[in-house]
Enquirer: 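Below is a structure I'd like to ask you about.
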Amino acid sequence: MYVKTKDANGPDFLQFLQQKSYKVNKDKTKFGRVKQTLQGIFGGLGIFGVLVVVLALMLFSFYLQLMIARSKDNLQLLLVLGYSPNWLSKNVSRRFIPVYIFVVLIAVAFTQLMQWAFHHFAMFDREELSTPLHWSVFAVAVFLVILSLVTNYRMVKKLLYKMV
């Protein structure tokens, strides 16, 4: 029996064949199994990447907490002089904007370099893969900067209100 399909390497099709115990030419479905393995590897790398980003954000917030703890006397003096915790929170949080933007820009530049290298050296400039990064990469970068700023602003504000 012959079966004609658009994608003989689709994971669903291969699973169907395996469930029904159908015998197939292994050369025709070899790429599908490799594709499944690679998808699993890249999924694991994606999860690892998210964990690294979360740990980096936590590291920045711990550093900010350390900086506030070290300058607690100065901040309390500013609060006694009449500066509002909101104003101080904004100014302390603003000091880290260039750092966040620099780190994210370096990460995006490195990602673009890796994309270009993969497209040029591994894919040999084939048209299936584009050299420029997808717009979602830039959206995630902006989201991470905004997330860092908002969380650090809220954390600084909370720490300053504890000092009052």
Side-chain angles (χ1 to χ4, degrees), residues 1-70 89-90 92-159:
M1 176 169 68
Y2 292 95
V3 176
K4 186 174 182 178
T5 179
K6 289 182 182 180
D7 185 15
N9 297 312
D12 295 332
F13 181 65
L14 293 174
Q15 193 173 26
F16 170 77
L17 291 175
Q18 191 174 16
Q19 285 175 349
K20 299 292 183 181
S21 299
Y22 289 150
K23 304 253 188 240
V24 294
N25 186 351
K26 295 292 183 187
D27 292 336
K28 301 292 182 188
T29 60
K30 191 176 195 179
F31 180 71
R33 299 188 198 290
V34 171
K35 183 178 173 183
Q36 284 178 324
T37 304
L38 286 176
Q39 284 176 341
I41 290 170
F42 283 115
L45 286 174
I47 292 170
F48 178 72
V50 168
L51 288 174
V52 168
V53 168
V54 168
L55 289 174
L57 290 173
M58 288 176 58
L59 180 67
F60 276 126
S61 66
F62 288 145
Y63 176 73
L64 190 57
Q65 287 177 0
L66 178 65
M67 189 185 85
I68 289 171
R70 289 177 66 197
S89 300
K90 287 178 188 174
V92 170
S93 297
R94 278 189 198 147
R95 293 186 66 204
F96 287 94
I97 291 175
V99 174
Y100 293 139
I101 291 175
F102 177 74
V103 168
V104 167
L105 285 177
I106 292 297
V108 168
F110 184 71
T111 304
Q112 177 62 59
L113 178 68
M114 294 300 292
Q115 175 81 359
W116 173 83
F118 181 75
H119 184 230
H120 185 68
F121 296 115
M123 297 294 288
F124 304 109
D125 294 325
R126 290 175 49 190
E127 294 181 13
E128 291 89 17
L129 180 69
S130 64
T131 300
L133 293 175
H134 193 261
W135 65 268
S136 63
V137 174
F138 298 106
V140 168
V142 169
F143 173 75
L144 286 175
V145 169
I146 291 171
L147 178 68
S148 299
L149 293 174
V150 169
T151 55
N152 286 339
Y153 169 75
R154 292 182 69 201
M155 183 187 60
V156 170
K157 186 176 175 181
K158 186 173 106 176
L159 290 172

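Atom set for the values below is all heavy atoms of this structure, side chains included, hydrogens, waters and symmetry mates excluded.
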Enquirer: Please name all residues satisfying side chain to side chain contact (heavy atoms under 4.5 Å, CB included) with V145, sequence neighbours left out, ordered by chain then number.
Expert: I101, V104, L149
Enquirer: With F124, which residues qualify under side chain to side chain contact (heavy atoms under 4.5 Å, CB included), at least two apart?
Expert: none
Enquirer: Under the side chain to side chain contact (heavy atoms under 4.5 Å, CB included) test, which residues partner V142, sequence neighbours left out?
Expert: I146
Enquirer: Restricting to salt bridge (Lys or Arg N to Asp or Glu O under 4.0 Å), what partner residues turn up for R126, sequence neighbours left out?
Expert: E128
Enquirer: Please say whether more than 12 non-hydrogen atoms of neighbouring residues, nucleotides or ligands are located less than 6.0 Å from CD in Q112.
Expert: yes
Enquirer: Restricting to side chain to side chain contact (heavy atoms under 4.5 Å, CB included), what partner residues turn up for R94, sequence neighbours left out?
Expert: K90, N91, I97
Enquirer: If the condition is side-chain hydrogen bond (donor to acceptor under 3.5 Å, both in side chains), which residues does T131 pass it with, not counting sequence neighbours?
Expert: H119
Enquirer: Mind listing the side-chain donor-acceptor pairs of residues 50-64 below 3.5 Å, one per line with the distance, residues two or more places apart or on another chain?
Expert:
| residue | atom | partner | partner atom | Å |
| --- | --- | --- | --- | --- |
| S61 | OG | M58 | O | 2.8 |

Enquirer: With sequence neighbours excluded, tell me which residues meet ring pair (Phe, Tyr, Trp, His ring centres under 6.0 Å) with F121.
Expert: W116
Enquirer: What do you reckon, is CE of M67 surrounded by more than 12 foreign heavy atoms closer than 6.0 Å?
Expert: yes
Enquirer: What's the shortest heavy-atom distance between V108 and L133, and which atoms?
Expert: O-CD1, 3.9 Å
Enquirer: Do F118 and M114 have side chains that get closer than 4.5 Å, going by heavy atoms?
Expert: no
Enquirer: Would you say the side chain of T111 lies within less than 4.5 Å of the side chain of Q115, judging by non-hydrogen atoms?
Expert: no
Enquirer: Which residues satisfy the side-chain hydrogen bond (donor to acceptor under 3.5 Å, both in side chains) test with S136, sequence neighbours excluded?
Expert: H134
Enquirer: Of the non-hydrogen atoms in S89 and K157, which two are nearest, and what is the gap between them?
Expert: OG-CA, 3.0 Å
